[in-house]
Amino acid sequence: MSPTGGFHPPPEQGGVVWIDVQGLGDEPLLRQLGERFGLHLLALEDLVNAPQRPKIEEYREQVLIITRMARFAGRAELNDEQVGLVLGPGYVLSFQERYGDVLEPVRVRIREGLGPIRSAGADYLAYALLDTIIDGYYPVVEHLGEVLARLEDQILARPGARTLTRLNRVKGVLVALRRGIWPQREALNRLLRDGSRFISPEVRVYLRDTHDHAAQLVDVVDSHREMVAGLLNTYLSALSNRTNEVMKLLTIMASIFIPLTFMAGVYGMNFEAMPELHSPWGYPALMAVMVLTAVGMLFYFRRRGWLGEPPDDDDSDDES
Amino acid sequence: MSPTGGFHPPPEQGGVVWIDVQGLGDEPLLRQLGERFGLHLLALEDLVNAPQRPKIEEYREQVLIITRMARFAGRAELNDEQVGLVLGPGYVLSFQERYGDVLEPVRVRIREGLGPIRSAGADYLAYALLDTIIDGYYPVVEHLGEVLARLEDQILARPGARTLTRLNRVKGVLVALRRGIWPQREALNRLLRDGSRFISPEVRVYLRDTHDHAAQLVDVVDSHREMVAGLLNTYLSALSNRTNEVMKLLTIMASIFIPLTFMAGVYGMNFEAMPELHSPWGYPALMAVMVLTAVGMLFYFRRRGWLGEPPDDDDSDDES
Amino acid sequence: MSPTGGFHPPPEQGGVVWIDVQGLGDEPLLRQLGERFGLHLLALEDLVNAPQRPKIEEYREQVLIITRMARFAGRAELNDEQVGLVLGPGYVLSFQERYGDVLEPVRVRIREGLGPIRSAGADYLAYALLDTIIDGYYPVVEHLGEVLARLEDQILARPGARTLTRLNRVKGVLVALRRGIWPQREALNRLLRDGSRFISPEVRVYLRDTHDHAAQLVDVVDSHREMVAGLLNTYLSALSNRTNEVMKLLTIMASIFIPLTFMAGVYGMNFEAMPELHSPWGYPALMAVMVLTAVGMLFYFRRRGWLGEPPDDDDSDDES
Amino acid sequence: MSPTGGFHPPPEQGGVVWIDVQGLGDEPLLRQLGERFGLHLLALEDLVNAPQRPKIEEYREQVLIITRMARFAGRAELNDEQVGLVLGPGYVLSFQERYGDVLEPVRVRIREGLGPIRSAGADYLAYALLDTIIDGYYPVVEHLGEVLARLEDQILARPGARTLTRLNRVKGVLVALRRGIWPQREALNRLLRDGSRFISPEVRVYLRDTHDHAAQLVDVVDSHREMVAGLLNTYLSALSNRTNEVMKLLTIMASIFIPLTFMAGVYGMNFEAMPELHSPWGYPALMAVMVLTAVGMLFYFRRRGWLGEPPDDDDSDDES
Amino acid sequence: MSPTGGFHPPPEQGGVVWIDVQGLGDEPLLRQLGERFGLHLLALEDLVNAPQRPKIEEYREQVLIITRMARFAGRAELNDEQVGLVLGPGYVLSFQERYGDVLEPVRVRIREGLGPIRSAGADYLAYALLDTIIDGYYPVVEHLGEVLARLEDQILARPGARTLTRLNRVKGVLVALRRGIWPQREALNRLLRDGSRFISPEVRVYLRDTHDHAAQLVDVVDSHREMVAGLLNTYLSALSNRTNEVMKLLTIMASIFIPLTFMAGVYGMNFEAMPELHSPWGYPALMAVMVLTAVGMLFYFRRRGWLGEPPDDDDSDDES
């Protein structure tokens, strides 16, 4: 919590107070803050009890905005964190679940005076925070797109149980992302439709932009999910293809050698009256027949496309 | 039924009467209760005939709230029970299908005076009961999440018909949960939108919170269901993989020994004119050829990754 | 048609006329009835031409209610029948597609004076008829639930083409049921929302109850359909398991005997210089090697769990 | 185009003018017609450019109704054709894509004076045309139901690639039908909700009936699509069953003969010291062992139900 | 950017100014343009930052229209490009992501004075641009339909991993197309419903037409997606069929030769007491038995339809 001393009531005559709380463990401090700014008990509970559904709720003296922020923690592990905002007349309170610098871009904009952030009101600051949070989803979603592209290559090259597990993990992350973004979009939509005393028409135009970004994110997440479904089909068919190849090898080996072994078996019989056995051409003639049989089988398999490259791999001529 | 004596009409001048009925078998008593509080015949029927759809209905002198409460009975067996509430001016009646202490947390809050429950009106008591009921879903849903995580491990390790049966059972429980929570969410939504004479604006803010919890539960149940669908795909592909392994063993055995057996068969033939049979090097030379053939096949299978660990299991280097 | 004589116009000063038409073949009579009660031509057509979509339509002098009633005819064969109601001031006409006693419960209630049916108006009678019709779905839906439970057992025990056909038939019945109940629910919903001159506020409360029952039926039918989808997956995986078992037996037989046959083939060769053949220990030694090989293979298969019970069937210890 | 001479403006004092244009090639004539009746340029374009989405649009002086009519052209080939209607005060224009007699039923009704068509206004004529078009879907949908029933039999008897292709074609036709009917239903719904200056309340009652028919068609098409999905599962499982049968035959043949061949191989060995070879009972004893082995295997396969009829085919006793 | 000199404020007294910006790199120029026309900062950002969600937004002095235009780049590669329009009183600004002539048809219409484009206002010009953009989707969607038809043939002829990859790519393009068209349809719908100060009632009628085209495109894309799903099933079943054929060949070869090899093995045994070996008819008799066995097996396989054409391919008689 940046200002550690006693809080002053928000100034009425201009300027905007922003208090940023990082980590939600220090309960007495949070309660003191809640009292100072007249937060409703339920609002304070929503801010502090971390996994809440994103929403925007109007209270008598503030708007409570519960959002969810996404960051990647390693591979395909999503690290999402709740960020709660309270927008009141002349002040914004932000409550982050963990210590971190995710709102740093806003601080930079304030420090360097970029855009209207220094001259505008508390509602613009709230918008800037919301926008930063929503924008934080873009790298996550793009990263997932790259992971999916990599998984597609892996599935075609060597499908295995681990690839499927990864695909399912990506799908789980996408479901979690959608679960995070969708209610934010809905909440922004309702805010835009019904309006609020705490948000000026000028800032509403900006919030509409944030809403569009959220909607776009939902779209991208949904088409990523379609891609996951497509990859699943590719995976299942790759498995099926692999079984097919194993079967083909078995069938080729068996089909070639089983007749030959039979022929050898015939001339291994001990009948007394087998004239072929006594002919000097018997052995070379049988050998010739065996070779011809094997070559014939190979030719047959080749014509069916079971040997070498499958025939559907060199159709580079059917350009569209 | 806690108060077994005669009922007194609810006091008008303050205080809230709460009558908690556990078990719905004592019909005359229930009818007497219905008459005393002027319950509509249909409301009484809904309260008593247990598997009703959760709903909130406004009657002339009361609001009828039918909810469903979830508890686990053993493994993945859901034990859901109807709890009906009647909220009238100055009184709340609750009807539980079975004896049990599920509303105990509310009693504790009353006894110990936690929160505004002792000073607030009947509507706040109804909210507290509703909130307790909805909160009761959280451990169930979390437990299901753990069951799913365990099932995922089992499916990867040893997929079998029982795992699938269990997966289907979990899916059934999720469907039942959604069927229980969804209409409660809808009913709360309608109540918040249309309002009610029996609920003060202060309590509406609290009910909005309960509605958010119900919505969050629906979200979690839905993503659990997505997870079940993903596990189903994993299961089917694990089955397919297992067949593949059986096939691979058969193909390896057959491909190695079938050519060798053929060679042995050739030199088991009884032709008189087979010069190899008379050479002292014939036998060791054929043995050498056989060993070379077998080693060649093994080498081929090893290169295709059919022996030992499959090649897609040691790709620990493609960190994202 | 119960009253075969001339119809009298409905009395205005009290009492309710109910005319129940069973079988829709006697066209002149129906037309006469339509004229007497001033039915719109389209209403009469909807009543008489049997497979109409369930709906509630307001005409100038009546409300037309087209419903569908479900009964089981034998196994999983659904027998659904249209029942049309016309509610006017002081009278109710009911048109059943076939002769039958499905509205008998209402007659019993009238005869025995149960509930307010004798004192209430025509709208209550219409409600009672509607309620009886909707309640008639419950045994059908419950029966389907039992059929599904039985099918689940069959699928696990011995999956076959007939089981699948039955599953598809149950699915078809569920689709047909939903097609019957859903529009009734919708129609009741619209009636409750928009109201009607012909239905008093008292009866609306009753109709709300009927609407809830229809909604609950839709819920149950939907979860039955989810169950069918789950059973389908079980069925497909049972098929896959069966193929797997066949493959396993083949692989075990082949893997054990193919190497043995090869060894026998080797010592069946006719090379002159095979010292083993002349040793007195040659034959017993080879026999010992063969037995060891077979036992080794069996041991390997046992360790992989291919013999006897599969290893995932005795995991009774992982209680949750 | 029926009247080939000059057009007269529609009479105001009674009577209805209906101009039916068949084939959309004669552009100057169409333009002339458009000018005479004051058609908006866009309306004319929609009427003439054939594949438009079905819709009902209000213009200043007319209502434009674009519908789609379905007819079967051979097997499962859908022949759908656009029919545009223009309803103005006292006149109806109809534009058919191709020559044909699809609106003949309406002409018959006019000629023979059936129903109120001769005395009613232009709106009733438009309704009659619309109703005829929607009714034309019924035989198509029923025919598809029969095709599906036939396909079900084929799939169970002999599943093949052609059956699947046909199933997909039927599915495509169902999608096309839904694409044709759904917007008509929507358009009618909007027309009923918002009303129109050109349609009298009397005719609205009739249009409500047409809307119900469209809704019913959508229902039937949807349950046909569910049936297609069910058949697809049946087909895939039939394929799987067929592979299973092939596998079973292979396994039976191999399991019976591989051990026998091994035994024969053993006594084909050339060891000097094999006492069995010299015993006169050696040969018949081995033969007996072979027969016993084969019979034992057959018995084992019979007990597992792999021979003759599968055991799940004679469960005619589990009546429901 | 066509006019490179200084911009003049849009004339108020008639005529329409259209400024077409191609390529979004020249930031100072764009900013200058924004200032001259009083564009809101967010509007300018939406125009310049290319992948925005299609939308229509009302600002104080303009309407901002963000659309997406589709073109094919080679095979099944979609090249979609953002086109932003700004419609103000008396002027239209268009911003294209890349250089290109996609708006050329509008220029032709202006140059050649086709339609009311020269006499109408800025709103009509904006409509003409929007209409050209939406119409640009039609060739893309039709091309995809042809690609799908070709893929269907390929899947039936020779299913392979590449066919599946292509199918998935087409599916991805369809998802991207839907993602592009759907929000445009929604935006047009909202514009039509809520109206706008900048669009006259005459032009609204035209925009309704554009909306219908967008809706039709969504329909076609959706039925293409259904077709992709159907092809996927065909593909999986073709794979299954192929495995089946491989299995059948293996089973036929093994079933014929395994019994024959066994027989040969029997008479290769070295028992002293085998009377058949000494008979002169032993050898020809065994040969005859072998031939009979082989012919019997072939006959059996033929009767089961495993040889030659499968029986379900010559059912040309079941015409519908």
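Here the structure is a predicted model, which means the values were calculated and not measured. Proteins come first, then strands; the chains are lettered A, B, ... in the order of their sequence lines, and each starts at number 1.
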For C:Glu245, is it the side chain, the backbone, both or neither that has a heavy atom under 4.5 Å from a heavy atom of chain B?
-> neither

Is B:Lys55 close to C:Asp209 at the side-chain level, that is, under 4.5 Å between some pair of heavy atoms?
-> yes

Distance-minimising heavy-atom pair for C:Gly230 and B:Asn168 | O-ND2, 3.4 Å

Relative to chain B, which segment of C:Met297 carries a heavy atom at a distance below 4.5 Å: side chain, backbone, both, or neither?
-> side chain

Against chain C, label B:Val175 side chain, backbone, both or neither, depending on which of its atoms sit under 4.5 Å from a heavy atom there.
-> side chain

Relative to B:Tyr59, does C:Arg204 satisfy both conditions: NZ or CZ under 6.0 angstrom from the six-membered ring centre, and within 45 degrees of the ring's axis?
-> no

Do B:Lys171 and C:Met227 have side chains that get closer than 4.5 Å, going by heavy atoms?
-> no

Contacting region of C:Tyr300 [heavy-atom separation from chain B under 4.5 Å] | side chain

Close side-chain approach of C:Asn270 to B:Met269, heavy-atom, < 4.5 Å = no

Side chain proximity check, B:Tyr283 to C:Glu272, heavy atoms < 4.5 angstrom | no

Name the member of B:Met253, B:Arg53, B:Glu146, B:Met247 that forms the most heavy-atom pairs with chain C at distances under 4.5 Å.
-> B:Arg53

Can you say whether B:Thr251 sits under 4.5 Å from chain C via the side chain, the backbone, both, or neither, judging by heavy atoms?
-> neither

For C:Phe271 and B:Gly282, which heavy atoms make the closest approach, and how far apart are they?
-> CE2-C, 3.4 Å

salt_bridge(C:Glu226, B:Arg225) N-O dist < 4.0 Å = yes

Of the backbone (N, CA, C, O) and the side chain (C-beta and beyond), which part of C:Ala215 lies under 4.5 Å from a heavy atom of chain B, both, or neither?
-> both

Contacting region of B:Ile256 [heavy-atom separation from chain C under 4.5 Å] = neither

Okay, B:Leu260 and chain C: the region with an atom under 4.5 Å from a heavy atom over there is both

Measure C:Met274 against the heavy atoms of chain B and call it side chain, backbone, both or neither at under 4.5 Å.
-> both

Side-chain heavy atoms of B:His40 within contact of C:Tyr206, under 4.5 Å | yes

